[in-house]
Amino acid sequence: VEGFAGDEMTVDIDGEFYPVFKHDIVGSLAHQTVENYIDQFMYQNNIALDFIPMRTNRLALGNGDKADLMLDGEACDVKGNCRTWDNRWYYNFYCGVMVDEWERKIAESSIKRFIFTQVDPDFQMARILGTISKFDFLEKSTYREFNGHDRMVVFSRELTPIHHTLLHI
C-alpha cells in the first residue's frame with residue numbers, strides 16, 4: 001500500500017499502481033471475517049450448516065448476486081464499517097444501512113438477515129458485532145445522518161451474537 005488520498009489508496013501490484021477504494025477493502029475484510037468465523041464455528045462444534053458464501057461466487061462469476069451469503073436458505077447481507085475500536089462503547093456502536101441503498105436494493109430483495117462487522121482503520125483486525133433480521137432492523141432502526149448520508153441505524157446492543165444465530169438454525 002503506497003498511501004491514502006481520502007477514501008482511496010494506491011496499491012502496488014508488480015510495479016503497477018491501481019486505485020482501490022477503502023469501502024471495497026472494508027467490505028472484503030468484513031465478508032472474509034464472517035465466512036471464516038462460520039467455517040471455524042462449524043468445525044469446532046462438529047456441526048454442518050447449510051452455508052454458501054455468495055460473495056466469493058459473485059466475484060468468481062461476476063453476476064452481482066444480491067446476497068453476500070446464504071445461511072440455512074436465508075439470504076444474508078454482511079455490513080462492514082471502518083472505525084477505531086473502543087471496548088467502552090461496544091454496546092453503543094451504530095450499525096446501519098444507507099437509506100438510498102435500502103430503497104434501491106434491499107427493501108424488495110430476498111435478504112432476510114444482516115450481519116454487522118467492524119474493521120479497524122489499519123485493516124489488522126475485524127470483529128463481528130452481531131446479527132439482526134431484516135424485519136427487526138426495520139422495526140428498531142432510527143434515521144441518522146453520517147457524513148452527509150441518511151442512514152437507518154440500530155445500536156450494536158440490539159444485535160444477536162452470531163453464535164446464538166448459528167446455534168438456533
**Q** Please name all residues satisfying side-chain hydrogen bond (donor to acceptor under 3.5 Å, both in side chains) with Thr160, sequence neighbours left out, ordered by chain then number.
**A**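 For Thr160 there are no side-chain hydrogen bond (donor to acceptor under 3.5 Å, both in side chains) partners, ignoring immediate neighbours.
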**Q** Has Asp68 got a side-chain atom pairing as donor or acceptor with Val78's backbone, closer than 3.5 angstrom?
**A** yes
**Q** So, for Ser110 and Ala75, which heavy atoms are closest and what is the spacing to 0.1 Å?
**A** O-CB, 3.6 Å
**Q** Is there a donor-acceptor contact under 3.5 Å from the side chain of Asp136 to the main chain of Ile132?
**A**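 Flag not set: sc Asp136 to bb Ile132 has no pair under 3.5 Å.
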**Q** Step by step, work out the side-chain contact (heavy atoms from CB on, under 4.5 Å) result for Lys140 and Glu158.
**A** CA-CA 8 Å; Lys140 295 177 180 182; Glu158 297 176 288; 3.9 Å; yes
**Q** Is it true that, when you exclude Glu145 itself, more than 12 heavy atoms of the residues, nucleotides or ligands shown sit nearer than 6.0 Å to its CD?
**A** yes
**Q** Of the non-hydrogen atoms in Ile115 and Cys76, which two are nearest, and what is the gap between them?
**A**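 Looks like CD1-CB, 4.2 Å.
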**Q** Could you list the residues that satisfy salt bridge (Lys or Arg N to Asp or Glu O under 4.0 Å) with Arg151, not counting sequence neighbours?
**A**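 So Arg151 forms no salt bridge (Lys or Arg N to Asp or Glu O under 4.0 Å) with any residue.
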**Q** How long is the straight-line distance from CG of Leu138 back to CH2 of Trp102, given to the nearest 0.5 Å?
**A**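 Answer for the CH2-CG pair, Trp102 versus Leu138, is 5.0 Å.
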**Q** Tell me every residue that passes side chain to side chain contact (heavy atoms under 4.5 Å, CB included) with Tyr143, counting only those two or more places apart in sequence or in another chain.
**A**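 Result, side chain to side chain contact (heavy atoms under 4.5 Å, CB included) vs Tyr143: Val99, Met152.
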**Q** Using the salt bridge (Lys or Arg N to Asp or Glu O under 4.0 Å) criterion, which residues pair with Asp100? Sequence neighbours excluded.
**A**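 Expected list: none.
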**Q** Starting at CG of Leu166, measure out to CD1 of Ile47 and round the result to the nearest 0.5 Å.
**A**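 It is 7.0 Å, given to the nearest 0.5 Å.
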**Q** Run the side-chain contact (heavy atoms from CB on, under 4.5 Å) test on Gln118 and Cys95 for me, step by step, so that the C-alpha distance in whole Å, both residues' side-chain angles and the decisive distance to 0.1 Å come before the verdict.
**A** CA-CA 9 Å; Gln118 180 267 327; Cys95 299; over 6 Å; no
**Q** Can any side-chain N or O of Thr117 pair as donor or acceptor with the backbone N or O of Ala30 at less than 3.5 Å?
**A** no
**Q** Tell me the closest heavy-atom pair linking Ala126 and Thr33, and the distance in Å.
**A**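 Between these two residues, the closest heavy atoms are CB-OG1, 3.2 Å.
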**Q** State the CE-CZ distance between Met98 and Arg104, to the nearest 0.5 angstrom.
**A** 7.0 Å
**Q** Considering residues at least two apart in sequence or located in another chain, which fulfil the salt bridge (Lys or Arg N to Asp or Glu O under 4.0 Å) criterion with Lys79?
**A** Asp77, Glu101
**Q** Could you pull out all residues at least two apart from Thr131 that satisfy side-chain hydrogen bond (donor to acceptor under 3.5 Å, both in side chains)?
**A** Arg113, Thr165
**Q** Suppose we screen for side chain to side chain contact (heavy atoms under 4.5 Å, CB included). Which residues come up paired with Met125, at least two apart in sequence or across chains?
**A**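 By the side chain to side chain contact (heavy atoms under 4.5 Å, CB included) rule, Met125 matches Asp120, Arg127.
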**Q** Taking the side chain as everything from C-beta on, heavy atoms only, tell me whether Ser156 gets closer than 4.5 Å to Asn92.
**A**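 Result no, sub-4.5 Å side-chain heavy-atom pair not found.
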**Q** With side-chain contact (heavy atoms from CB on, under 4.5 Å) as the criterion, how do Ile162 and Tyr37 come out once you've worked through the C-alpha distance, each side chain's angles and the decisive distance to 0.1 Å?
**A** CA-CA 9 Å; Ile162 191 167; Tyr37 179 85; 3.4 Å; yes
**Q** Considering only Ile, Leu, Val, Met, Phe, Trp and Tyr, and joining two whenever side-chain heavy atoms are under 4.5 Å apart, list the other residues clustered with Phe155.
**A** Tyr94, Phe146, Val153
**Q** Do you know the tightest heavy-atom contact between Phe51 and Met42?
**A** CD2-CE, 4.0 Å
**Q** Would you indicate whether the side-chain heavy atoms of Phe137 and Val97 approach each other to under 4.5 Å?
**A** yes
**Q** Evaluate the side-chain contact (heavy atoms from CB on, under 4.5 Å) criterion for residues Val34 and Ile128: first the C-alpha distance (whole Å), next the side-chain angles of each, then the deciding distance (0.1 Å), finally the verdict.
**A** CA-CA 7 Å; Val34 171; Ile128 300 171; 4.1 Å; yes
**Q** Identify the heavy atoms of His163 and Phe41 that sit nearest to each other, and give their distance.
**A** CB-CE1, 3.8 Å
**Q** Any idea which heavy atoms bring Pro53 and Leu69 closest together, and the distance?
**A**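 Closest heavy-atom pair between Pro53 and Leu69: CA-CB, 4.1 Å.
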**Q** So, do Pro161 and His164 sit near enough that their side-chain heavy atoms are less than 4.5 Å apart?
**A**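 The answer is yes, as the side chains (C-beta and beyond) meet within the 4.5 Å cut-off.
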**Q** Measure the CD1-NZ distance between Ile111 and Lys105 for me, rounded to the nearest 0.5 Å.
**A**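 One finds 7.5 Å between CD1 of Ile111 and NZ of Lys105.
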